[in-house]
Each structure stands twice: as structure tokens, then as C-alpha cells.
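Encoded as C-alpha cells, the structure appears first; notes follow it.
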Amino acid sequence: MDRITKTLVEDFLTSLDLESESSSNDFEKFVNYTILSKEYTKTFDVDTVTVAAGNDTGIDGIGIIANGHLIEYVDEVNDLLDKNGYLEVTYIFIQSKSSSNFNGSDINNFAFGVKDFFAEEPGLVRNEDVSRFAEISDYLLSKASHFRENPVCKLYFVTTGTWNEDQNHIAVVENAKRDLQAFNIFELVYFFPLGANEIGKLYRQSKSSISSTFIFTNKVTLPDLPGITEAYYGILPFSEFRKLLVDEDDKIVNIFDDNVRDFQGENNPVNQLIGETISGDKSELFSVLNNGVTIVAHSLRASGNNFTITDYQIVNGCQTSNVLFNYRHLESVQKLGIPLKLIITEDEDVKNQITIATNSQTAIKREQLAALSDFQRNLEHYYSSIDSDEKLYYERRSKQYNSDASVNKTRVITIPIQIKAFSAMYLKNPHLVTSFFGSIVKKLDTDGSQIFKPDHQFIPYYASGLAHYRLDSFLRSKNIDLNIDSKYKKVKFHLLMLFRLIVQPEEPPPMNSARKTEVYCQPILDILKDSSKSLEKFRQAIAILDKSEIDIRSREHLKQARITENLIKTFEDVYFNNASQ
């Protein structure tokens with residue numbers, strides 16, 4: 001491995017707080033993270049896509065992306081179908097070799113493993129991770145009637161050498177692509193051989209802020225406004241708007257500030273009307289019928305009409321943008337003019353006011369949006385106000401800390417993690433967290449156990465985030481005295497629930513009471529501030545879990561409410577027996 005690649009791998013391990021295992025294992029995770037960062041625009045756990053171990057069928061990493069979400073469990077497929085009414089699927093397979101050459105036999109073995117993955121009667125022995133992805137794949141393929149088009153399959157073979165267009169290697173690659181196309185389940189099959197220079201470039205890109213260059217001709221400059229560096233309003237042709245919306249791989253860029261709400265799907269009545277306007281015989285009226293898009297960017301470089309914006313988000317127009325993306329290949333969409341408001345500001349308060357003022361989309365009441373946006377922003381500030389060894393970073397916008405080298409990425413709490421940790425710890429429903437997180441919020445709203453309420457105190461959210469961070473660090477640790485067996489990762493949210501019950505067995509107080517939540521959460525925080533005490537409590541939680549009837553190998557088992565109820569009963573039996581002695 002060359003010196004530059006070694007340095008990049010070391011930077012990767014440091015930024016994700018990963019312990020070095022071996023040169024080859026470190027490189028495998030580095031490549032998996034880099035490739036998935038290219039293909040997937042949101043934050044993810046590299047361990048969820050790493051399958052390299054015994055019986056990995058010649059594959060080091062697998063990612064299955066459906067409707068823009070990295071799928072971890074079968075349940076999420078149904079959630080996305082219910083929400084969107086269709087499926088767009090991309091398969092990603094990765095094999096990496098830390099050697100400095102491309103070997104035809106290694107390429108062939110990798111291709112054979114991918115082909116076996118899709119075989120109706122696979123011949124290779126699969127480990128648990130490969131089997132999990134195969135189960136997801138089989139379920140997706142059983143829903144083929146909901147595909148907008150057949151899935152895309154991408155294979156990445158990476159070494160630390162240089163791809164030199166060797167004719168024999170090219171023949172192996174082309175043969176693999178033909179064999180996969182012969183399954184008749186893929187719209188397109190790609191095979192990308194990458195060397196040290198290519199993977200290094202991709203890794204650096206994963207750490208950069210998002211930027212885009214476009215031509216903005218039909219515009220007017222808005223007058224000077226407090227807190228705003230520059231502002232423009234105009235009509236942007238779709239050919240230029242596309243540069244802001246779609247990346248070089250024809251995927252939608254993750255530039256939507258409100259991660260909880262997300263795209264509501266084409267079945268939504270408002271989005272149906274947008275689609276009908278785009279595809280109808282009066283598409284030229286789009287610019288006057290649609291409210292358009294508001295973009296807020298951190299900085300702008302302009303040379304005449306050539307604009308380059310950096311660190312930008314669409315704060316209004318999420319639904320419009322997604323519908324436009326879905327129709328991006330339609331001939332009529334190319335002629336559309338998109339009403340665009342572009343605002344350059346570094347002031348988060350101003351940005352939040354713009355989001356609330358301009359956003360009135362799709363079944364979200366104005367007061368709900370204001371509360372959600374304001375709560376998320378204030379929760380982020382609460383996290384950042386804690387300056388100690390327990391400092392965490394709340395990620396309100398996906399990958400907002402990627403370009404900040406000072407932030408240890410394991411200390412980043414994403415919105416999905418926050419939802420699942422809070423829900424499991426305080427609402428005692430870890431069986432719900434295998435669902436897509438947007439569906440969890442919907443279920444919580446349905447049963448009255450809401451989350452992110454505007455009058456909620458922030459301390460229980462932070463405490464659940466810190467508990468997740470502590471448990472995750474124990475699960476990742478290679479130090480036998482400081483670790484928890486990684487097999488318990490499947491039930492980490494069950495363990496978070498038990499941890500809270502052990503430390504604070506009383507029911508949580510109303511989350512809007514500042515004094516009561518402070519008193520309730522302080523003992524939890526006192527334990528979490530001490531690594532050894534935290535480990536002791538989590539090991540007690542594992543002992544209770546092992547004593548119950550829970551089967552941590554069965555995903556179906558873990559989804560059942562009765563299993564959670566049995567786990568709570570086991571805790572009560574142990575706790576009250578100890579208390580009475």
C-alpha cells in the first residue's frame with residue numbers, strides 16, 4: 001500500500017474512531033465507506049455494509065438502496081412502498097484488495113460471488129450478513145410489480161494499484177456483466193475497477209461540502225437585507241436546475257433540510273398535480289402554477305451569470321424538486337422554467353426563518369413545521385452547548401459535519417438515531433425501531449406518544465443520544481475489558497431500554513417539565529459520564545436480556561411487542577427480587 005493511501009486510511013480510522021484491525025481489514029472498511037459515500041448521500045454506519053468475514057462469498061461490502069434509502073431490514077421496504085407507492089433500487093457490491101495489482105482470478109471470484117447472490121439456488125455458503133442482504137434482495141424482487149424500472153447493479157473492484165486496461169482483465173469484467181444481465185432483472189449493470197488514485201479522490205470528495213455550478217441568467221437582485229449576504233430571484237431552466245438537483249451518477253442530491261418529513265411520494269394529491277402539470281399539454285405554465293424552489297447557501301462565487309454555490313439546501317420545494325427528479329428524462333420537463341429564490345447567508349436564525357416563512361407543503365401545518373424546525377435547531381444548539389468529554393454533535397442536516405475534521409464522526413447523532421434511541425429508552429418500544437425512521441414517527445403520532453414536541457425538554461434527548469454513543473463504543477471496542485460482544489448490536493435498542501430501566505426504573509416524567517426531567521435524567525447522565533459504570537450497567541442489561549426468551553438471531557422475533565413486554569417482565573422479576581433481598 002502506498003504512503004498516500006495509508007495516510008487516507010489512517011484519517012478514515014481516526015475520523016470514525018475505529019480501532020485498527022489489520023492492513024487488509026482497515027482497507028476494506030475504508031473502501032466500503034468511500035464507495036457508499038459516493039452512492040449514498042446520507043450518513044450511515046460502515047459496519048452495516050461490511051460483510052467481509054468467513055463465507056462472505058468473495059464480497060467485502062454490500063449496499064442496497066431503495067428510493068434513496070440504504071436498506072438494513074426487510075421491514076423498511078414495506079414502509080417505503082406504503083409511503084411512495086413504487087420502488088427504485090440500486091445494488092452495490094464491493095471487493096477490495098490492498099495489493100498493488102489487479103488479478104484476473106480475484107476479479108472473477110468477486111463476479112462469481114455476485115452472480116451467486118442472485119441465483120435462485122445459490123451454491124456458496126453465506127455468512128449472516130450476506131444472508132441478511134440476500135433476504136432483503138429476495139423480498140425486493142418479489143415486489144417487482146412496483147419497480148419503476150428494473151434495478152441497477154454496480155460492482156466495484158478496488159486495489160491500491162493502477163487499472164491499466166489489460167485485455168484479459170477487461171474480458172473477465174465484460175463476461176461478468178453479460179452473465180448478470182442474463183438474469184433479466186437489471187436495467188443496467190456497471191463494473192468499476194478502481195485504483196489508488198481513484199479511491200483517494202473519492203474519499204476526499206466524501207469530506208467536502210456540497211457545491212454546484214450553474215448559469216443563472218433570468219434573475220433580479222433583491223435589495224440588501226439584514227443577515228443576508230446576497231439574494232436573487234428568477235427563472236432557472238430545468239437544464240440548469242438539474243445541476244443543483246442531480247449528481248453525475250443521475251441520483252438526486254441530498255439537499256433537503258427537513259430529514260424527518262422527506263418526500264411524500266407521487267401518490268400524494270399535491271404531488272400528483274405537480275406531475276400532471278409537468279407531463280401534461282400545458283407544461284409551459286409550470287413557472288406560473290408552481291410556487292418554485294427556495295435555496296439557502298453558505299457562500300456564492302459569481303462570474304457574470306456563472307454561479308457556484310457551496311453548502312446549499314433546498315428549504316422550500318422538496319416535493320416539487322423530487323417530482324421534477326422523477327420526470328427528469330421526460331422531454332417536456334426540459335423546457336420548464338423553475339421559479340428560484342437563492343439566498344446566501346451564514347446566519348442559522350435567518351435560515352430557519354426563511355424555512356418557516358416559505359414552507360407550506362403537503363399535509364404539514366404551518367405551526368407543525370415551525371415547531372419541528374425550531375425544535376431541531378434548538379436541540380442541535382443544546383448538544384453543541386455541552387463542552388466536555390461527553391460532547392456529541394446533533395446532525396440536523398445529513399452529513400453536515402463531514403467536512404469538519406475536528407468532529408469525531410462516531411460522536412454524531414443523526415435524526416434517525418435520535419428518534420430510535422429516545423423512543424426505545426423512554427417509550428419502551430425497541431421493537432419498532434427496525435422500521436424506516438419516518439414510519440416510527442408516524443406510529444408514535446398515531447398512538448399519542450409523540451416525539452420532538454415543541455415543549456419537550458432537551459436533556460432526555462441528549463441523554464438517549466449519549467447512551468447510544470456509549471453502547472456503540474463498547475460494541476466497536478476490540479479491548480476485551482471494555483467491550484460488549486458485537487452480536488448484541490442487533491438488540492442495542494433493547495439494551496438502551498433496559499439500561500434506562502436499571503438506572504431509573506420509575507416511569508419518565510412529563511417531557512415538558514424542566515425541573516422533573518432534569519432530576520430524572522441526572523442519574524442517567526452521571527452513569528454515562530463514567531465509562532466503567534456505563535459498561536457495568538450495560539452488562540447488567542445483557543444479563544437480563546440473556547435471561548429472557550428473546551432470540552437475538554431472529555429479526556422477526558425482535559419486532560414483536562410481546563418480546564419487549566417479556567423483556568420488561570424479566571427486568572421487573574430481577575429488579576424487584578434484588579430489591580426485596
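Note: hydrogens, waters and symmetry copies are ignored here, and every other heavy atom, side chains too, is used.
Looking only at atom types and distance, the side chain of Gln457 has no donor-acceptor partner in the side chain of Ser513 under 3.5 Å away. For Thr50 and Asn32, the side-chain atoms include at least one donor-acceptor pair closer than 3.5 Å. Ser477 and Asn479 form no side-chain donor-acceptor contact under 3.5 Å, judged by distance and modelled atom types alone. A donor-acceptor contact under 3.5 angstrom links the side chains of Asn78 and Tyr139, judged on distance only. When only modelled atom types and interatomic distance are considered, Thr90 and Glu39 share no side-chain donor-acceptor pair under 3.5 Å. For the residue pair His468/Lys420, the side-chain donor-acceptor check at 3.5 Å is not satisfied.
The closest side-chain heavy-atom distance from Asp526 to Asp530 is not below 4.5 Å. Side-chain contact check for Lys428 versus Arg500: some heavy-atom pair is nearer than 4.5 Å.
In this structure, Lys391 forms a cation-pi arrangement with Tyr393, its terminal cationic atom sitting closer than 6.0 Å to the ring centre and no more than 45° off the ring axis. Judged by the 6.0 Å and 45° rule, Arg126 forms a cation-pi pair with Phe117.
Between the CG atom of Leu567 and the CD atom of Glu572 there is a distance of 10.5 Å, given to the nearest 0.5 Å. For the atom pair CG (Asn408) and OH (Tyr401), the distance works out to 13.0 Å, reported to the nearest 0.5 Å.
Residues Lys409 and Asp17 are not paired through a salt bridge, judged by the lack of any N-O separation under 4.0 Å between the basic side chain and the carboxylate.
In this structure, the ring-ring contact (aromatic ring centres under 6.0 Å, His included) partners of Tyr383, at least two apart in sequence or on a different chain, are Tyr394, Tyr462. Residues that satisfy the ring-ring contact (aromatic ring centres under 6.0 Å, His included) test with Tyr203, not counting sequence neighbours, are Phe30.
Just one of Leu16, Ile484, Asp47 meets the side-chain contact (heavy atoms from CB on, under 4.5 Å) condition when paired with Arg476; it is Asp47.
In this pair, Tyr33 and Phe12 present their aromatic rings tilted. The plane angle is within the 30 to 60° band. Classified by interplanar angle (parallel below 30°, tilted 30° to 60°, perpendicular above 60°), the ring pair Tyr575/Phe571 is parallel. Between Tyr426 and Tyr520, the angle of the ring planes lies from 30° to 60°, which puts this pair in the tilted group. Using bins of under 30°, 30° to 60° and over 60° for the plane-to-plane angle, the ring pair Phe118/Phe93 lands in the perpendicular bin.
Using a distance-only test at 3.5 Å, with no hydrogens or angles considered, no donor-acceptor pair links the side chain of Gln504 to the main chain of Ile524. Using a distance-only test at 3.5 Å, with no hydrogens or angles considered, no donor-acceptor pair links the side chain of Arg396 to the main chain of Glu380. In this structure a side-chain-to-backbone donor-acceptor pair under 3.5 Å is present from Asp60 to Ser96.
The aromatic ring centres of Phe110 and Phe112 sit 6.0 Å or more apart. Two rings, from Tyr156 and Phe191, have their centers 6.0 Å or more apart.
Within the structure, every pair that satisfies the ring pair (Phe, Tyr, Trp, His ring centres under 6.0 Å) test and touches residues 528-548, not counting sequence neighbours, is listed here: Phe499-Phe538.
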Given Phe375 and Tyr461, is the ring pair (Phe, Tyr, Trp, His ring centres under 6.0 Å) satisfied, shown in steps? CA-CA 11 Å; Phe375 185 89; Tyr461 289 88; 5.2 Å; yes
